[in-house]
Amino acid sequence: MDKSNILVILIGSIIIILFTFYSFGSFLSSSSLSPKIGTKVEPTTNSSDLQTGVDSSNKTNNTPLQMILYKNLEKPENYYLMKFPSYANVIHGNKSGSYIANLSRGNISVDLTDIPDTSSPELFFLSSIKPGLESSMKNFHQVGLNQSTINGNRAWDITYDWKNTSKEMESIKTLIEGTDEAAVITYSELKPQDTNNPTINFSELSPILKSFQWIGQQ
C-alpha cells in the first residue's frame with residue numbers, strides 16, 4: 001500500500017472519529033436540556049394569581065382558589081401557558097411538552113400530539129382518540145361528547161366511566177386545537193358512590209382548562 005492510500009485512510013478515519021464525537025456531544029447537550037420524567041416543574045413566577053371561584057380542596061369555606069402560572073417552552077410552535085391550583089404537585093411527563101399534576105381529588109395530564117396532514121382535529125378526535133379509549137379502557141362507558149371553545153381555540157371533549165383495577169373512575173379527555181400540534185388534557189378521579197348524584201362536576205378541572213392558552217415564541 002503506497003503512502004497516498006495510507007494518507008487517505010488516515011484522513012477518513014479522523015473525520016469519522018470527529019463526526020462521532022460531535023454527534024455524541026450534540027446528543028448529550030440536547031438530552032441535558034430535556035427534563036427527565038418525574039422532574040418537579042417550577043412555576044413561571046413565585047406569585048399566585050387569585051381566580052374567582054371556590055377552592056375545591058376546602059369545602060368548609062369560600063376561600064378564593066389560588067392559581068399559579070406555568071409556561072411550557074419546550075417545543076417550538078407549541079409554546080403554551082396554563083394555571084394549576086397552588087396545592088397541585090406538577091411534574092414533567094414522559095414526552096417533551098408534557099405535564100402531570102396531582103390534585104386534591106384527581107390527576108391531570110397534559111400532552112402534545114401531532115395531527116396527521118390527512119386529518120383534522122375533530123376527525124382525529126373522533127376516529128383515533130375516542131376509539132382508542134373504547135378499546136383500551138376496562139368497562140368503558142361514554143357519558144358525554146361535546147365541542148367548545150377555549151381561549152379562541154376549538155376544543156372537543158369526551159367524558160367517560162371506566163374501571164381501574166377494583167375502582168370505578170370517571171374521566172374527561174379534552175383536545176385543544178393548535179397551529180401545529182394539539183394539546184390533549186386528561187383528568188381522572190374516583191367516581192362518586194352517591195347514587196343520587198353519580199356524575200362528577202369536574203369543578204377542580206374547570207379553572208385549569210379555562211386558563212390554557214397557546215403563546216408565541218419567546
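Note that this is a predicted model, so its numbers are computed, not measured.
At a cut-off of 3.5 Å, with distance as the only test, a side-chain donor of S203 or R105 sits close to an acceptor on the other residue. One side chain, E204 or Y187, offers a donor N or O that lies under 3.5 Å from an acceptor on the other. Remark: the T179 side chain and the W214 side chain contain no N/O donor-acceptor pair separated by less than 3.5 Å.
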Test side-chain hydrogen bond (donor to acceptor under 3.5 Å, both in side chains) applied to E74 and H92, step by step: CA-CA 11 Å; E74 295 176 8; H92 198 275; 2.9 Å; yes
Would you sort out whether I129 and V184 count as a side-chain contact (heavy atoms from CB on, under 4.5 Å), showing the intermediate values? CA-CA 10 Å; I129 291 181; V184 178; 4.2 Å; yes
From CA spacing to verdict: side-chain contact (heavy atoms from CB on, under 4.5 Å), I172, L205: CA-CA 9 Å; I172 181 168; L205 171 66; 3.1 Å; yes
Residue pair L103, I108: steps toward the side-chain contact (heavy atoms from CB on, under 4.5 Å) verdict: CA-CA 8 Å; L103 306 175; I108 187 171; 4.1 Å; yes
Taking it one step at a time, do M169 and L190 satisfy side-chain contact (heavy atoms from CB on, under 4.5 Å)? CA-CA 5 Å; M169 306 291 294; L190 290 174; 3.5 Å; yes
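Under the 4.5 Å side-chain contact rule for hydrophobic residues, I185 and I91 do not share a cluster. Hydrophobic clustering (side-chain heavy atoms under 4.5 Å, transitive across Ile, Leu, Val, Met, Phe, Trp, Tyr) groups F202 together with M82. At a threshold of 4.5 Å between side-chain heavy atoms, the hydrophobic network of Ile, Leu, Val, Met, Phe, Trp and Tyr places M67 and V41 in one connected group. Taken together through direct or relayed side-chain contacts under 4.5 Å among Ile, Leu, Val, Met, Phe, Trp and Tyr, I100 and L69 form parts of separate hydrophobic clusters.
In this structure, K210 and N151 approach most closely via the heavy-atom pair O-ND2, 3.1 Å. A101 and V90 make their closest contact through CB-CG2, 4.1 Å (heavy atoms, listed as atom of the first residue, atom of the second, distance). Closest approach of A155 and I150 over heavy atoms only: CB-CD1, 3.9 Å. Minimum heavy-atom separation, Y79 to G216: CD1-O, 3.6 Å. Looking at every heavy atom in both residues, G106 comes nearest to E189 through CA-CB, 3.9 Å. Here the shortest heavy-atom pairing between Y80 and G97 reads OH-O, 2.8 Å.
Going from atom OG of S148 over to atom CZ of R154 covers 11.5 Å, rounded to the nearest 0.5 Å. The line from CD of E181 to CD of E77 is 10.5 Å long, rounded to the nearest 0.5 Å. Separating the OG atom in S86 from the CD atom in Q66 is a distance of 4.5 Å, to the nearest 0.5 Å. For the atom pair L145 CG and K130 NZ, the distance stands at 6.5 Å (nearest 0.5 Å). Remark: L175 CG to E177 CD distance equals 8.5 Å, nearest 0.5 Å. Taking OH of Y70 as the start and CG of L81 as the end, the distance is 13.0 Å to the nearest 0.5 Å.
With sequence neighbours left out, E122 forms a salt bridge (Lys or Arg N to Asp or Glu O under 4.0 Å) with no residue at all. Taking the side-chain hydrogen bond (donor to acceptor under 3.5 Å, both in side chains) definition, one finds that E168 meets it with nothing, sequence neighbours left out. Listed by chain and residue number, nothing satisfies the side-chain hydrogen bond (donor to acceptor under 3.5 Å, both in side chains) test with D111 (two or more places apart in sequence, or in another chain).
Listed for the S211 side chain is a donor-acceptor partner under 3.5 Å among the backbone atoms of I208. For the pair T39 (side chain) and K36 (backbone), a donor-acceptor distance under 3.5 Å is present. Under a 3.5 Å cut-off, the side chain of S127 and the backbone N or O of L123 do form a donor-acceptor pair. T44 places a side-chain N or O within 3.5 Å of a backbone atom of K71 that can act as its donor or acceptor partner. Under a 3.5 Å cut-off, the side chain of N146 and the backbone N or O of W156 do not form any donor-acceptor pair.
Salt bridge absent: K173 and D157 never bring a charged side-chain N and a carboxylate O closer than 4.0 Å.
Side-chain contact between M137 and Y160: present, with at least one pair of heavy atoms (C-beta onward) separated by less than 4.5 Å. For the pair F140 and L133, the minimum side-chain heavy-atom distance is below 4.5 Å. Between I176 and F212 there is a side-chain heavy-atom pair separated by less than 4.5 Å. Using a 4.5 Å heavy-atom threshold, the side chains of S109 and Y99 count as separate. Counting heavy atoms from C-beta on, the side chains of Q142 and I158 come closer than 4.5 Å. A heavy-atom distance below 4.5 Å is not found between the side chains of K83 and I68.
Residue N78 forms a side-chain contact (heavy atoms from CB on, under 4.5 Å) with just one option from D114, D180, I215, and that option is D180.
For K167, the NZ atom sits in a loose shell: 12 or fewer heavy atoms of surrounding residues, nucleotides or ligands are nearer than 6.0 Å.
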